[in-house]
Chemist: 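Quick one: the structure is below, questions incoming.
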Number of protein chains: 2
Amino acid sequence: MHKTKINNELIDTDSYKDVAKLLSPLRAKSRTQEVLEALVGMIAEAGLEIGDQLPGETVLSEQLGVGRSTIREALNRWEGLGLVKRRRGSGTYLTANIRPARGLVSTETTLESEGLLRIVDVRRTLEVEVVRRAAINATEAQKQRILSGFEKLKTVVASGMMWRNVDQAFHTEIYEASGNAIFGRIILDLDDAYHAAKFRDSPFDNPEFGVRSVLAHGDLCNAIVAGDAEAAVRAISIILDHVVDEIREMSETDK
Amino acid sequence: MHKTKINNELIDTDSYKDVAKLLSPLRAKSRTQEVLEALVGMIAEAGLEIGDQLPGETVLSEQLGVGRSTIREALNRWEGLGLVKRRRGSGTYLTANIRPARGLVSTETTLESEGLLRIVDVRRTLEVEVVRRAAINATEAQKQRILSGFEKLKTVVASGMMWRNVDQAFHTEIYEASGNAIFGRIILDLDDAYHAAKFRDSPFDNPEFGVRSVLAHGDLCNAIVAGDAEAAVRAISIILDHVVDEIREMSETDK
DNA sequence: TGTTACCAGATGTCTGACAACTTGTAAAGT
DNA sequence: ACTTTACAAGTTGTCAGACATCTGGTAACA
């Protein structure tokens, strides 16, 4: 069996499934996540409202081309969040208004940099709180994961490769260490909205930006491990300042 | 409507479900719920803490005598509430302190209120920032809208009507006055999630809560109009404290 | 010594099957 | 004409087994 090193990951080059992955490396999302997004789209398009019944599990699984277990995992997640109510022998019913996420950064608010800056603005509020808590609450195991995440980020950035996924993994460790996973979930949503708006025309990472902010990432990492909340807040502020700079530069050089 | 005397009690015989409920009220729990309670017991007994790894799915399913799918449904539910983190290829890890229900409170209610408190926690971070900015940035026209929104809220609460929509409209005015609408967008999403989870079975407002917090709403309103950011922050904190109290009361009185 | 290759264990997904429940409807009975 | 019963179709709940995919550690190799 042949293995090849790509993006710092061992990849099986014998099965062409993995080759396909090379062509579209953005599909890192889990099947369940994709199903959830597809469901949101379906609900919006079909105009379903509170109380309406969703199609059966078998119908959904056939239509989306995934197993019934996967559909069930997605729907059960939603029931846990109170978005749907499942009745055995009857069906699954909407119990809340489900809005497609595109509202965050939709069509008209993407007026160049303005929308991006607003997103970063909200993100800063959340990130500051998260790193403060992470510095206080992180367990030893979590600190270890944060450290190794940073090491991975450093090597990827140094090699000039796409670092967004690695960066996101690094920050996810911090969100988890904060003690309230909902912060992380919202920030990741904001991040998705940000990149969807930013990379509309050129969907590639900026290598230079990675080099610039990797230093601050190191400070952030050390501050959390050392339990220094205020230093962590300073570090994340610097990182977000770099993001703001990036947006400004982009809006200046771009047309 | 037919009534029949059974065991010296008048019972509605139109639906024999009620009779069956009298005979076996213990079998109402689903397998998944039993699994969740068993897991809570195991975690408490084993003394697992945040960051610790749970036994594998196969081990749990064998030990509890249920299928692996059932275990997965339970654990996925927990992940949705942010109580555990599942890592593919690695394992399932605790991300919150899970305590067994005591006294009359059901395990389900305990876990649910835990999730609600996390939502309010995130919301507090955002709301504090929003009202601070609103107090600083609000224009005269926006202050006027906030004032009239509060007047409407006062009359609706006093009349004992459903006040949720009016309350949401009042807060929306504040979100807009903050100068960054994305804050409001996210808070409204959180509000939806909160109500969907909280009012899963009884979709009604609590009139008493409205009366209690309308005073703080007045303080918030005046502080923003006066441009006093710190007073506004204090007022919104009191409002959110009331929400937390409400959750606590619910999980104590619930059977 | 450091890289590589491999292995065990864990979660993710799919398939097929059956159980349990709900609901509507047609048949049977009065 | 009305009520009761029985049944069928549709839906979610649970189980078993299999394979895919990922993670972390270990042993072999250069």
Side-chain angles (χ1 to χ4, degrees), chain A residues 1-21 25 27-36 52-80 84-93 141 144-145 148-149 151-152 155 165-166 169 172-173, chain B residues 2 13-17 20-21 24 27-36 52-62 64-79 84-93:
Chain A
M1 174 149 358
H2 291 266
K3 302 244 179 180
T4 310
K5 206 166 185 181
I6 296 178
N7 276 9
N8 217 23
E9 290 175 0
L10 280 179
I11 290 188
D12 216 336
T13 49
D14 276 344
S15 95
Y16 68 83
K17 270 192 196 171
D18 290 321
V19 175
K21 203 186 287 176
R27 304 191 58 193
K29 288 176 182 172
S30 72
R31 210 86 161 183
T32 303
Q33 202 65 30
E34 288 180 24
V35 167
L36 284 177
D52 288 346
Q53 181 176 6
L54 269 64
E57 295 173 353
T58 56
V59 175
L60 291 176
S61 72
E62 286 171 7
Q63 202 151 348
L64 292 177
V66 300
R68 190 175 151 234
S69 335
T70 310
I71 295 286
R72 284 182 59 75
E73 300 224 348
L75 290 178
N76 282 327
R77 231 186 188 83
W78 271 7
E79 190 182 29
V84 298
K85 172 72 183 175
R86 320 197 66 194
R87 275 195 263 282
R88 182 179 193 170
S90 176
T92 303
Y93 302 83
Q144 211 54 46
R145 296 188 67 83
S148 77
E151 289 304 321
K152 221 178 276 181
T155 61
N165 285 343
V166 185
T172 299
E173 298 294 345
Chain B
H2 291 266
T13 52
D14 278 347
S15 84
Y16 68 85
K17 279 189 300 187
K21 210 182 281 178
S24 63
R27 218 62 192 114
K29 287 177 182 171
S30 71
R31 207 84 163 183
T32 302
Q33 257 170 336
E34 289 180 24
V35 168
L36 284 178
D52 289 344
Q53 181 176 8
L54 269 63
E57 295 174 351
T58 55
V59 175
L60 291 176
S61 71
E62 287 172 6
L64 293 177
V66 299
R68 191 177 149 229
S69 326
T70 309
I71 295 287
R72 284 182 58 75
E73 300 223 348
L75 290 178
N76 282 328
R77 236 183 174 84
W78 274 10
E79 190 181 29
V84 300
K85 171 67 183 177
R86 320 197 66 195
R87 269 190 255 283
R88 181 179 194 169
S90 177
T92 303
Y93 302 83

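Proteins get letters first, then strands, A, B, ... in listed order; numbering begins at 1 in each. Values reported hereafter were calculated over all heavy atoms of this structure, with side chains retained and with hydrogens, waters and symmetry mates removed.
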Chemist: Which whole-number value in Å describes the distance from Glu62(A) CD to dT11(D) P?
Modeler: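 Between P of dT11(D) and CD of Glu62(A): 11 Å.
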Chemist: Is a donor-acceptor contact shorter than 3.5 angstrom present between the side chain of Arg68(A) and the base of dG13(D)?
Modeler: yes
Chemist: Gln53(A) side chain to Ser90(A) main-chain N or O, any donor-acceptor pair under 3.5 Å?
Modeler: yes
Chemist: Can you tell me the distance, in whole Å, between the CZ atom of Arg72(A) and the P atom of dT13(C)?
Modeler: 15 Å
Chemist: Without decimals, in angstroms, what is the distance between Ile71(A) CD1 and dT13(C) P?
Modeler: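 Between P of dT13(C) and CD1 of Ile71(A): 11 Å.
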Chemist: Starting at CD of Gln144(A) and ending at P of dG25(D), how long is that distance when rounded to a whole Å?
Modeler: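 In whole Å, dG25(D) P and Gln144(A) CD are 11 Å from each other.
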Chemist: Just to be sure I understand the rule, does Thr58(A) reach a base, reach only the sugar-phosphate, or reach nothing, if contact means heavy atoms closer than 4.0 Å?
Modeler: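 Touches nothing.
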Chemist: Which part of the nucleic acid, if any, lies within contact of Ser69(B), taking any heavy atom under 4.0 Å across all strands shown: a base, the sugar-phosphate backbone alone, or nothing?
Modeler: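 Since a base atom lies under 4.0 Å of Ser69(B), the category is base.
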Chemist: Show your working on side-chain contact (heavy atoms from CB on, under 4.5 Å) between Glu79(B) and Lys85(B) and close with a plain yes or no.
Modeler: CA-CA 6 Å; Glu79(B) 190 181 29; Lys85(B) 171 67 183 177; 4.2 Å; yes
Chemist: May I have the distance from Glu57(B) (atom CD) to dA20(D) (atom C1'), rounded to whole angstrom?
Modeler: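 Atom CD in Glu57(B) sits about 14 Å away from atom C1' in dA20(D).
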Chemist: Would you mind reading off the distance between Arg88(B) atom CZ and dT13(C) atom P, rounded to a whole angstrom?
Modeler: 6 Å
Chemist: Of Arg86(A) and Gly89(A), whose nearest nucleotide on DNA chain D comes first from the 5' end?
Modeler: Gly89(A)
Chemist: Measure the spacing between CZ of Arg77(A) and CG of Leu36(A) and express it to the nearest 0.5 Å.
Modeler: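 Answer for the CZ-CG pair, Arg77(A) versus Leu36(A), is 7.0 Å.
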Chemist: Let me spell it out: for each of Arg87(B) and Asn76(A), pick the nucleotide of DNA chain D with the closest heavy atom. Which residue's pick is nearer the 5' end?
Modeler: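 Of the two residues, Asn76(A) wins.
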Chemist: List the steps and the verdict of side-chain contact (heavy atoms from CB on, under 4.5 Å) for Leu64(A) and Thr70(A).
Modeler: CA-CA 10 Å; Leu64(A) 292 177; Thr70(A) 310; over 6 Å; no
Chemist: Is Glu173(A) salt-bridged to Arg145(A), cutoff N-O under 4.0 Å?
Modeler: yes
Chemist: Can you check the Leu75(B) CG to dT11(C) P distance for me, whole Å?
Modeler: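 Taking CG of Leu75(B) and P of dT11(C), I get 8 Å after rounding.
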Chemist: Which nucleotide wins on minimum distance to the side chain of Thr70(B), given the candidates dT12(D), dC22(D), dT14(D)?
Modeler: dT14(D)
Chemist: Nearest whole Å is fine: how far is dG25(D) P from Gln53(B) CD?
Modeler: 11 Å
Chemist: Closest approach to the side chain of Thr92(B), judged atom by atom: which nucleotide of dC14(C), dT11(C), dA16(D) is it?
Modeler: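 So the side chain of Thr92(B) is nearest to dT11(C).
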